[in-house]
Amino acid sequence: MLPTRDEAEELLREAEKCNPGPWGNHSRVAAHCAERIAMECDDLDSDKAYILGLLHDIGRKFGVRHMGHVSDGYTYMMSLGYDEAAQIWYISSK
């Protein structure tokens, strides 16, 4: 399961309140880039690409721990029931 675009944007806003910094805008840029790339590829879902790009650093909500934000993001997404989003962190950390 994935959050909607609106839910993902709200998750990012909430996360930025916990740990302000440039990572929030970086996530927005990543989301827009992922969406544009997916729009050019017939087999990719641009909405899904946007959501996953937006949430790719969501573990930073809990602070800066170099690569620790990867496991934090995985755990956080799983706790919200967004297992499909969590899988992205699990796969990318291997």
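When reading the values below, keep in mind they use all heavy atoms of this one structure, side chains included, and skip hydrogens, waters and symmetry mates.
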Visitor: I'd like to know if the side chain of Asp45 reaches the main chain of Lys48, judged simply by a donor and an acceptor atom lying under 3.5 Å from each other, with no hydrogens or angles considered.
Guide: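 Pair found, side chain donor or acceptor close to backbone of Lys48.
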Visitor: His26 versus Arg60: any side-chain heavy-atom pair under 4.5 Å?
Guide: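 Of all side-chain heavy-atom pairs linking Arg60 with His26, none is under 4.5 Å.
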Visitor: Please tell me if the side chains of Leu11 and Leu54 come closer than 4.5 Å, counting only heavy atoms from C-beta onward.
Guide: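 No, their side chains stay 4.5 Å or more apart.
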Visitor: Whether Arg13 and Glu10 form a salt bridge (side-chain N of Lys/Arg under 4.0 Å from carboxylate O of Asp/Glu) is what I want to check.
Guide: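 Salt bridge present between Glu10 and Arg13.
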Visitor: Using side-chain heavy atoms (C-beta onward) and a distance below 4.5 Å, is Met78 in contact with Asp83?
Guide: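 Result yes, sub-4.5 Å side-chain heavy-atom pair found.
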Visitor: Can you find a pair of side-chain heavy atoms, one from Glu7 and one from Tyr82, that are under 4.5 Å apart?
Guide: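 Yes, their side chains come closer than 4.5 Å.
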Visitor: So, Asn19 side chain and Phe62 main chain: donor-acceptor pair closer than 3.5 Å or not?
Guide: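 Absent.
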Visitor: How about Tyr50 and Glu9: do any of their side-chain heavy atoms sit closer than 4.5 Å?
Guide: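 Yes. Closest side-chain heavy atoms under 4.5 Å.
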Visitor: Check whether any side-chain heavy atom of Leu80 lies under 4.5 Å from a side-chain heavy atom of Pro3, and answer yes or no.
Guide: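 A side-chain contact is absent here, since even the closest heavy-atom pair is not under 4.5 Å.
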Visitor: Is it true that a side-chain atom of His32 and a backbone atom of Val29 form a donor plus acceptor pair closer than 3.5 Å?
Guide: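 No, the answer is negative, given that no donor and acceptor are paired below the 3.5 Å cut-off.
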Visitor: Give a yes or no on whether a salt bridge exists between Asp72 and Lys61, defined as a side-chain N under 4.0 angstrom from a carboxylate O.
Guide: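 Looking at Lys61 together with Asp72, the answer is no, because their closest N to O distance does not fall below 4.0 Å.
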Visitor: Grab the two heavy atoms, one from Ser46 and one from Ala38, that are nearest each other, plus how far apart they are.
Guide: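 The answer is CA-CB, 3.6 Å.
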